[in-house]
Amino acid sequence: MTVYRSQRRIVDPATSGSIPVVRRRRTALRWLLTVVVLVLFVNLLLVQAYASARFAPDSQPVPSGPAEGVPAGVQEGGPIIDASGPQPRSKNLPAHTIALTFDDGPDPKWTPRILGVLRKHGVHATFFVVGSQVARNPALTRRLLDEGHEIGAHTFTHPRLGDIPGWRSDLELSQTQLALAYSAGITTSLLRPPYSSSPEALDATSWSTVRDAARDGYLTVLNDADSRDWEKPGVDAIVRNSTPPGDATAGTVVLLHDAGGNRAQTVVALDRLIPQLKQRGYRFTTISEGMGGDVRPANPRAATAERWRGGALVWAVRVAGGTTVVLLVLLLVVGILTLARTMLLFLFSIRHARRRRSHTWSWGPPVTDPVSVVIPAFNESKTIGPAVRSLAQSAHHEVEVVVVDDASTDGTADVVAALGLSNVRVVRVPPGGKATALNTGAALASHDLLVMVDADTVVDSESIQRLVQPFADPTVGAVAGNVKVGNRRGILGRWQHIEYVIGFNLDRRLYDTFGCISTIPGALGAFRRQALVDAGGLSLDTIAEDTDLTIAIQRAGWQVVYEESALAYTEAPATLPQLWKQRYRWSYGIMQAIWKHRRAVFDRGPSGRFGRRALPFISLFSVLLPLLAPLLDILTIYGVFFLNRWETLAGWLAVLAVQIVTAILAFRLDGERLGPLWTLPLQQLVYRQIMYLVLLRSALTALTGRRLRWQKLRRSGEVAVPT
Amino acid sequence: MFELGKTVPPVFVDVSGRRRRRIRWLAYAIGFAVLMALLVVWLSQLVGTVRPDPATPCPPAASAANQTTAPAGRCTGR
């Protein structure tokens with residue numbers, strides 16, 4: 001797992017890396033772009049949250065407060081209130097007229113049905129629309145007007161106007177007007193405050209709402225008869241509630257709803273109510289028509305500026321809505337894929353473990369052929385000693401160790417020489433990078449079974465012998481070992497330990513079952529010389545030479561298997577910046593390797609078979625799925641603030657539970673103690689985010705074609721084989 | 001055993017830097033457009049409250065035909 005850089009200095013013609021001022025400016029611009037993207041996201045989610053504010057059903061009983069301040073006569077007066085003058089005027093519709101009013105729409109499902117009934121009976125009504133619904137259904141709003149109905153405002157998001165500050169209620173009303181201006185080309189002078197009822201129910205708070213609205217030019221329209229259709233009381237009850245009393249001396253404003261839930265009862269009730277009342281001699285009218293010249297026109301044409309401003313609003317709501325839908329669909333896809341993957345993991349890793357543990361399992365006759373171990377090393381004097389000694393003392397009966405010193409400057413070669421081991425050779429090569437060092441070592445090694453080990457990795461005495469046993473099967477070209485984190489102190493060490501156990505044990509068992517192992521870890525892997533030759537050796541055009549080589553070997557028709565009993569302990573990065581660099585390199589490298597071998601999908605023979613089987617699998621689960629991981633965090637935050645908080649947290653905890661169960665399985669299969677798993681919940685809050693940010697960064701680097709430079713890890717040399 | 005010292009251009013790396021320049025300008029352009037769009041939307045909502053105009057009293061329907069003081073467009077009902 002070493003992050004290896006030779007001395008060779010890469011001069012990158014594609015960057016202005018040597019001009020600090022230019023670099024600083026570009027970094028600043030990159031941050032600015034990131035901020036812009038974040039601001040856009042936050043804005044879209046805020047707009048979406050605002051425009052889809054959940055509201056309680058209309059007319060839900062509101063306890064009336066003290067009626068102080070409500071002018072005399074208003075509570076006993078009519079439902080149409082003009083409070084603009086010093087003396088409020090309450091008005092009634094003329095006798096024998098009915099104004100049907102519908103709140104909370106337009107609704108794409110129910111409004112058209114109600115319009116159908118109204119048209120059938122040749123009746124016009126008044127629709128008190130919710131602005132956010134107008135923004136979502138502009139064509140339907142236009143249709144209301146085209147069919148001769150009248151439109152009033154019912155605010156933008158249906159808040160209780162008395163409970164919100166003045167600037168917000170101004171915005172609620174203003175935005176409703178803008179949405180109407182864009183959708184239907186009109187504004188409205190009618191207002192029905194949400195949660196309002198009949199004039200008798202007016203209290204001090206709701207009266208101040210009426211007065212404020214009047215100051216802005218609105219005529220407030222309450223109701224005489226509440227159908228209570230929001231309670232879904234049955235068609236009979238709705239008809240009964242909407243029918244004016246026989247002795248009514250004035251007209252009646254009837255409150256109904258065309259949105260906010262299932263309105264089937266309302267539709268049926270209307271179809272019965274209208275003919276009944278017509279038969280009794282009632283005339284149906286809209287509010288302003290019923291009032292004749294007594295009120296200003298309800299729907300004057302909107303000014304051009306208002307239409308433009310409305311356009312901006314409607315499109316903002318639309319884009320925000322679309323974005324949310326896309327995010328939710330993606331989350332669903334991610335959820336399904338993750339679940340499918342988890343189930344596959346459980347099914348196949350348990351089966352894999354059972355097969356390997358059974359008494360009848362064997363790769364074939366014991367492999368006792370001599371083995372050459374190649375260790376590439378650049379400035380590894382701290383760690384190379386224990387690493388080489390652990391390898392040279394392997395239980396396998398003939399092991400040769402070749403240390404390729406890639407022009408180290410810290411005396412790495414001397415440290416090895418000082419060990420005085422007879423089966424260890426040091427080869428000094430000119431600076432050339434890890435892949436070249438490995439190729440050189442393989443070429444100079446004496447035996448046909450090659451094991452490649454990182455210089456920071458310690459193996460136990462059985463590892464080499466176990467690692468080469470799969471070569472008993474002549475179709476096996478390479479073997480991946482089981483790499484573990486050697487330095488598990490500190491939270492970062494524990495997190496990586498968890499990740500290694502899950503990623504190496506569980507995932508690799510699954511990949512092994514399907515014959516599509518993507519990476520033989522550089523820390524511990526074994527190769528047949530012929531397989532290396534067939535693959536063309538380690539290549540220099542990707543920085544994940546281990547992944548590249550693994551894919552190339554399989555394309556050449558060799559099998560790559562996983563031997564979980566061959567253990568190696570590697571030194572994992574101990575600080576976040578080092579971890580970042582390591583993962584940046586890995587994720588970028590894996591993208592490079594997939595891209596490099598993409599044409600394998602179309603190949604014939606073993607290459608095509610591997611390409612079609614493994615490349616989609618690797619791309620999906622190693623690149624695409626992790627790239628979508630931020631969705632979980634974004635939507636969790638959104639859900640906690642704007643949706644049902646407890647449901648969201650429950651969902652998040654369910655995801656965590658699945659991960660904990662997976663982790664426990666992985667730890668059990670690997671014979672690890674469960675202790676470090678207590679850090680798993682914390683891992684969700686830091687580590688996971690770093691992992692996907694790194695992936696995002698790598699994807700961007702790949703896209704822009706910038707050359708990646710990477711640095712050497714700082715070594716502490718604290719890894720030892722646990723006893 | 002293998003060809004050593006063979007130089008292959010690394011995968012993804014665009015040595016000319018043209019791709020990177022293009023993407024950068026595209027990103028700046030999109031970023032700028034997004035900022036402008038956000039600005040326009042916010043301004044359009046906050047620039048002033050739209051309210052029904054109480055200053056244009058409309059005449060009773062019966063005498064509307066004889067009145068010329070009220071702006072016609074605002075009193076036609078549509």
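All values derive from a computational prediction rather than experimental measurement. Letters A, B, ... mirror the listed sequences (proteins, then strands); counts begin at 1.
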Could you tell me whether Phe41(A) atom CZ has more than 12 heavy atoms of other residues or ligands within 6.0 Å of it?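 Incorrect, the count does not exceed 12.
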
Does Arg598(A) CZ have over 12 foreign heavy atoms under 6.0 Å away?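 Result for CZ/Arg598(A): enclosed.
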
Less than 4.5 Å apart, any side-chain heavy atom of [X] and any of [Y]?
X	Y	answer
Gln175(A)	Gln45(B)	yes
Trp308(A)	Ser44(B)	no
Leu703(A)	Arg20(B)	no
Phe12(B)	Thr701(A)	no
Val39(A)	Leu38(B)	yes

Where do [X] and [Y] come nearest, in terms of heavy atoms and distance?
X	Y	answer
Val50(B)	Ser174(A)	N-OG, 2.9 Å
Ala316(A)	Val41(B)	CB-CG1, 3.8 Å
Arg19(B)	Ala702(A)	NH2-O, 2.8 Å

Let's test your reading of the structure: which of Val47(B), Leu43(B), Leu46(B) forms the most heavy-atom pairs below 4.5 Å with chain A?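 Of the options given, most contacts go to Val47(B).
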
Passing candidate, side-chain contact (heavy atoms from CB on, under 4.5 Å) with Val11(B), options Ile594(A), Ile543(A), Thr542(A):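 Going through the options one by one, the only one that passes is Thr542(A).
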
Got a second to check how far Ile30(B)'s CD1 is from Leu40(A)'s CG, nearest 0.5 Å?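 Here the interatomic distance stands at 11.0 Å.
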
For the atom pair OG1 (Thr704(A)) and CG (Asp14(B)), what is the distance rounded to the nearest 0.5 Å?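 Going from the OG1 atom of Thr704(A) to the CG atom of Asp14(B) covers 9.0 Å.
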
Measure [X] against the heavy atoms of chain B and call it side chain, backbone, both or neither at under 4.5 Å.
X	answer
Gln177(A)	side chain
Ser189(A)	both
Ser288(A)	neither

Under 4.5 Å from any heavy atom of chain A - which part of Arg24(B):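 For Arg24(B), side-chain heavy atoms alone lie under 4.5 Å from chain A.
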
Please walk me through it: do Trp42(B) and Asn43(A) pass side chain to side chain contact (heavy atoms under 4.5 Å, CB included)? CA-CA 10 Å; Trp42(B) 276 103; Asn43(A) 267 282; 2.7 Å; yes

Could you tell me whether a side-chain N or O of Arg51(B) sits under 3.5 Å from a main-chain N or O of Tyr218(A), the two making a donor and an acceptor?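 Here the side-chain-to-backbone pair does not exist.
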
Looking at Leu173(A), Leu178(A), Leu444(A), which has the largest count of heavy-atom pairs under 4.5 Å with chain B?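 Result: the option with the highest number of such pairs is Leu178(A).
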
